[in-house]
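Note sheet for the following structure.
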Amino acid sequence: MYVSDILKRENNNLDFIRLFTALIVVWYHAQKHFPDSYASLPTLHPKTIELGALAVCVFFFISGLLVTNSLLSKREVIPFVISRFGRIYPAYFVMLILCVFIMGPCLTSLSIKDYFTSSQTWTFFVKNSMLNFQANLPGVWEGLTSNIINGSIWTIPFEVTCYIIVLVGFVLYRKWKMSPWVIILPAMAFAFLPIEISQGILRYGHIFFGRPHFFCFIIGTIFAIYREKIKVDKTLVLALILLTVVFYHWVSVIEFLFPITVAITLLYCSTIKPIIGWRLPHDLSYGIYIFHDPILQIVCNQGVAHSWLIAFLITAALVIPIAYLSARFIEEPSIRFSKRLSKRKFNLTDNGVLIIVILVVGVIVAKLFY
């Protein structure tokens, strides 16, 4: 089956794959809270591959595939930006409000007045609102090894950066009628940025070589660009598995090859009839991903669970209903509103360069001055 066929809604169940990988992330984070148990568990690779990182790589591959396909289908910049904002930001912002205004006051060791007058509280809220990751709230789990409020959301600014990079390539492709390959040229340029520039603006070090997630996103982008030519079948999956076995002990290769093999294998699995039959009415994966870590932190840091398995089960039982509410009453209405807004005529619709400049300047200002 070609990628273009897989991308048809009736031919895949990518929502189930994303739900599965989101729960893997919860499992992994639960294990990390109990180092003794975690150390005794088998690893996927002796040096590089951890289960949580692998699951995030799958997320990024699917995101690169679907986001680039959406961009190529809409072929307009502003509707794409609106749709991405509506998909990512509303639930993310609600999560920040819950963390700062409900979770923080309930758990802080400070008085309510001191908590809300602390600059750290508002720095956390403002910077994370601007997708500039901040980890701690004042008085919340101070002195504990695991005191990050929501460690999972570091990937959200990273993913938005991926969107902008691909958007730059799309503008070049459309405005100057260049080859579709130009869509990934900005990604290649970012790959070789001096580390001082990359860290100063993006805060990621070498975005390409230091982050297999970005590599997976770009591979997903390539699959979307050549969706009419790339065939995903048993032959491709078996070939990738064989290559992974051959290069298993070549660390510099396997850290990129292994996640791609898993991602493409899961993409193929999403087309299998039994898995298609498990289609869910709502996509819970994003809600599980952004809401699970604060819940897990409470479960572990407040002494509710004393083993990683119990912590995982309690967290999953709590976060799945929350993810349902998020999908039903935040994400889906936001997506519908974004679609309606995208149908409006914008004078700047074709001026992608201006939109890109605004987005890039906004990211730089957020990173450097807030």
Side-chain angles (χ1 to χ4, degrees), residues 22 25-26 29-30 33 84-160 203 282-305 311 314-335 337-338 362-363 365-367 369-370:
V25 172
V26 181
H29 285 161
H33 274 274
R84 288 297 89 204
F85 182 89
R87 180 68 185 93
I88 294 292
Y89 200 79
Y92 173 85
F93 190 68
V94 169
M95 177 275 300
L96 286 181
I97 290 175
L98 293 176
C99 286
V100 173
F101 296 102
I102 296 180
M103 176 180 164
C106 290
L107 296 176
T108 184
S109 59
L110 305 178
S111 66
I112 298 299
K113 179 182 178 181
D114 289 343
Y115 173 82
F116 280 112
T117 56
S118 171
S119 61
Q120 187 179 359
T121 301
W122 300 107
T123 297
F124 179 94
F125 183 67
V126 172
K127 287 194 172 184
N128 281 312
S129 296
M130 300 182 71
L131 303 182
N132 188 356
F133 176 64
Q134 303 297 305
N136 307 113
L137 283 171
V140 179
W141 301 317
E142 288 182 346
L144 297 180
T145 303
S146 180
N147 62 356
I148 296 175
I149 303 303
N150 192 344
S152 297
I153 61 173
W154 74 266
T155 63
I156 306 301
F158 190 90
E159 183 160 354
V160 171
R203 305 281 180 88
H282 306 282
D283 180 9
L284 306 183
S285 59
Y286 185 59
I288 289 174
Y289 186 80
I290 64 171
F291 285 105
H292 83 272
D293 203 43
I295 296 172
L296 180 62
Q297 295 279 34
I298 293 172
V299 168
C300 295
N301 289 343
Q302 301 300 119
V304 177
I314 293 174
T315 302
L318 293 173
V319 78
I320 288 174
I322 293 173
Y324 169 80
L325 294 174
S326 175
R328 182 73 176 80
F329 298 107
I330 302 173
E331 298 165 47
E332 292 171 7
S334 299
I335 292 170
F337 178 76
S338 298
V363 170
V365 170
K367 295 294 184 184
F369 298 104
Y370 288 93

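Source: prediction; values computed, not measured.
- For the atom pair CD1 of Ile112 and SG of Cys106, the computed distance is 7.5 Å after rounding to the nearest 0.5 Å.
- A heavy-atom distance below 4.5 Å is found between the side chains of Arg87 and Asp283.
- Annotation: Phe125 is in aromatic contact with Phe101 [ring centroid separation under 6.0 Å].
- Note that the OG1 atom of Thr108 and the CE atom of Met103 stand 11.0 Å from one another [nearest 0.5 Å].
- Taking CD1 of Ile320 as the start and OG1 of Thr315 as the end, the distance is 10.5 Å to the nearest 0.5 Å.
- Taking 4.5 Å as the limit, some side-chain heavy atom of Ile153 sits within range of a side-chain heavy atom of Met95.
- The shortest distance between side-chain heavy atoms of Trp141 and Asn136 does not fall below 4.5 Å.
- At least one side-chain heavy atom of His33 sits under 4.5 Å from a side-chain heavy atom of Ser146.
- Ser109 places none of its side-chain heavy atoms less than 4.5 Å from the side chain of Tyr115.
- You'll find the side chain of Leu318 stays beyond 4.5 Å of the side chain of Phe291, heavy atoms only.
- Residues Phe133 and Ile156 form no side-chain contact, since every pair of their non-hydrogen atoms from C-beta on lies 4.5 Å or further apart.
- Between Leu96 and Ser129, the closest side-chain pair of non-hydrogen atoms falls below 4.5 Å.
- In this structure, Leu296 CG and Asn150 CG are separated by 10.0 Å, a value rounded to the nearest 0.5 Å.
- By the 30° and 60° cut-offs, the orientation of the rings of Trp154 relative to Phe158 is perpendicular.
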